[in-house]
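Presented below is the structure to which this report refers.
Predicted model, so just to flag it, every value in this text is computed and none were measured. So that the names make sense, note that chain A is the first sequence line, chain B the second, and so on, each numbered from 1. Hydrogens, waters and symmetry mates are skipped; everything else that's a heavy atom, side chains included, is used.
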Amino acid sequence: MINIKDIRDTARDMLAKGEVRTVIGYRRGSRGMPAEPAFITSPEQADELIWDPTCYHNLSLYLVHDRKISAHLQKNSGLPIAIVAKGCDARSIVVLMQEHYFKREDVYIIGVSCEGTGVLDERKLASHLNGVQPTLAAFDGDDYVFTTAEGEKRLPAREVMADRCLECRIPFPKEHNLVFGDDKTGRQLAEPFAALTKFEEQGNSERWDIWSHHFDRCMRCFACRSVCPMCYCDECVVDSITFPVTQQTSAAEKADRVRWIERSAMRSENITYLMTRAMHLAGRCTDCGECDRACPVNIPIRMLNNKMEREAREKFGYEPGASIGGPSLVASFLDNDPGDFIR
Amino acid sequence: MSEQQNYEPRVVAFLCKWCSSAGSDLAGVSRIQYPPNATPITVPCTGAVSPMYILSAFNKGADGVLVSGCHIGDCHYIEGNFLARRKMQLIMQLLEFIGVEPNRFRMSWVSAAEGAKFAQVITDFVDDLKPLGPQEKLKKADRI
């Protein structure tokens, strides 16, 4: 059980001593139950920090933002940033460091173990509460306790927990400067890749029917890209913002430039976008499930990334976010990689 | 029925400059007959084939995509085809996962001395593609 007081004390202490610039954590949100990311810069604010089942955001995204801002301002950011990180978030941070996005000493990881419970899936919760709006969520042993207008409601965590948390293999931030909560690695509430395996049992055409239905709905809001800490490219393949258009640029040049993917939300383009994204995240995605949560039209984007993760694990023995100095998936190889599909 | 018989699949073949491209040359010089359905695109190395190329080829109307390069150990750049083997495995699995027929994507090793093998690879691929019909799943719709 994590005592929020410990996290607050740590944050207050570090800010007071001037060891860190900011503490990125969670605080009470402005729309009821869900937490929201908080950037704590002074010791007095430290009491705003919270830790509850709605802390599902992957905060490592803001480390990327910070990096981009300091690159833009062309100045060194100086002091490190402290960040509250769950198991999956800590692995994202490891991947970012593996890719030399920032250095280990630039970040101070306050690890929080998910223990037996993980975080909430609001979509699952909605089907349990019959329209009642909860105002507060709290951990209690293996249950979540929700405060609603009609009194307290207690639900077993595994009924409303996010799928990725049920399937999580390592609910503990291995890479950390400081960690709260017990290491419950090995607690396995569902088989890893359970949802994926179930989906894959269907035939080729059934899978296509389901996916084409999903791809049709994509409206290219790019929420999945915005929320993903791994989607940090300055120029995304879908929007060539850096194509220089000057007075000398002829119409032919504009027309001839390579557009891998059109911006219009057509099925073929949506497929190309989401598939490209899945390929770019292969071996980097740490299954934080944020793309799934952010998607306004419920496309199971996580399943594409999950598929890549499982292939990497089964075929190449690759585990994303395992070590800072390790090789990346597509820039390394083994002599005995499977090659029997090649004629 | 007759329409199906007349259907000729369009294959985009990414051939490595050092082996498969030379292999296709040898097939031509040796006057080996094989289907003319493949559009060859020479790339420096199979390791340079981004999965984007494959998605893009399907997106622009290819019925099948072939990636062909040097045998393992023969890469001009030492390890390019090792890297390709991983990437192509991933994209192949992903295409299959969303329900694209597995036969639409193929990878082969064809050396510069294997003109006959190149002809065989193309023949087999085209034969496998014909029953599948045109690829409509990833193809960009005509202007609306």
Between [Y] and [X], is there a side-chain heavy-atom distance shorter than 4.5 Å?
X	Y	value
B:L94	A:M308	yes
B:P102	A:N204	yes
B:I98	A:W208	yes

Contacting region of [X] [heavy-atom separation from chain B under 4.5 Å]:
X	value
A:I210	neither
A:S205	neither
A:T276	both
A:L334	both
A:D335	both
A:S264	neither

Say you draw a straight line from [atom1] of [X] to [atom2] of [Y]; how long is it, rounded to the nearest 0.5 Å?
X	Y	atom1	atom2	result
B:L138	A:S212	CG	OG	11.0 Å
B:L55	A:I271	CG	CD1	9.5 Å
A:F341	B:S108	CZ	OG	10.5 Å
B:L95	A:M279	CG	CE	9.0 Å

- Task: Find the one option among B:Q120, B:K137, B:K87, B:K139 whose heavy-atom pairs under 4.5 Å with chain A are most numerous.
- Result: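 Heavy-atom pair counts peak at B:K137.
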- Message: Counting heavy-atom pairs under 4.5 Å with chain A, which one of B:K117, B:M92, B:M88 comes out on top?
- Response: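 Sorted descending by pairs with chain A, the first entry is B:M92.
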- Item | Closest heavy-atom pair and its distance - B:A141, A:S268 |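 Here B:A141 and A:S268 meet closest at N-OG, 4.0 Å.
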- Task: Specify the closest pair of heavy atoms between B:L90 and A:E311, including all atoms of both residues, with the distance to one decimal.
- Result: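 Answer, listing the atom of B:L90 first, then A:E311: CD2-CB, 3.9 Å.
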- Task: List the steps and the verdict of side chain to side chain contact (heavy atoms under 4.5 Å, CB included) for A:T272 and B:M52.
- Result: CA-CA 8 Å; A:T272 321; B:M52 276 253 54; 4.3 Å; yes
- Query: Counting distance only, does the side-chain N/O of A:R207 pair as donor-acceptor with the main-chain N or O of B:F97 below 3.5 Å?
  - Reply: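 Yes: the side chain of A:R207 pairs with the backbone of B:F97.
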- Task: Give a yes or no on whether the backbone of A:L329 and the side-chain of B:R86 come within a donor-acceptor separation of less than 3.5 Å.
- Result: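 Such a contact is found between B:R86 side chain and A:L329 backbone.
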If you count heavy atoms of other groups shown closer than 6.0 angstrom to [atom1] of [X], is the number above 12?
X	atom1	result
A:K315	NZ	yes
A:E99	CD	yes
B:R10	CZ	no

- Task: For side chain to side chain contact (heavy atoms under 4.5 Å, CB included), just list the numbers for B:K140 and A:E269, CA-CA rounded to whole Å, side-chain angles, deciding distance to a tenth of an Å, and then say yes or no.
- Result: CA-CA 7 Å; B:K140 190 182 299 185; A:E269 307 309 298; 3.3 Å; yes
- Query: Between A:E262 and B:N59, does a side chain to side chain donor-acceptor pair (under 3.5 Å) hold up when you go through it step by step?
  - Reply: CA-CA 10 Å; A:E262 299 280 352; B:N59 183 260; over 6 Å; no
- Show your reasoning for whether side chain to side chain contact (heavy atoms under 4.5 Å, CB included) applies to A:R343 and B:W109. CA-CA 6 Å; A:R343 312 260 168 149; B:W109 301 139; over 6 Å; no
- How far apart are the C-alpha atoms of B:L83 and A:V330, what are their side-chain angles, what is the distance that settles it, and do they pass the side chain to side chain contact (heavy atoms under 4.5 Å, CB included) test? CA-CA 7 Å; B:L83 296 168; A:V330 290; over 6 Å; no
- Query: With only heavy atoms counted, which part of B:R85 is less than 4.5 Å from chain A, the side chain, the backbone, both or neither?
  - Reply: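 Both backbone and side chain of B:R85 come within 4.5 Å of chain A.
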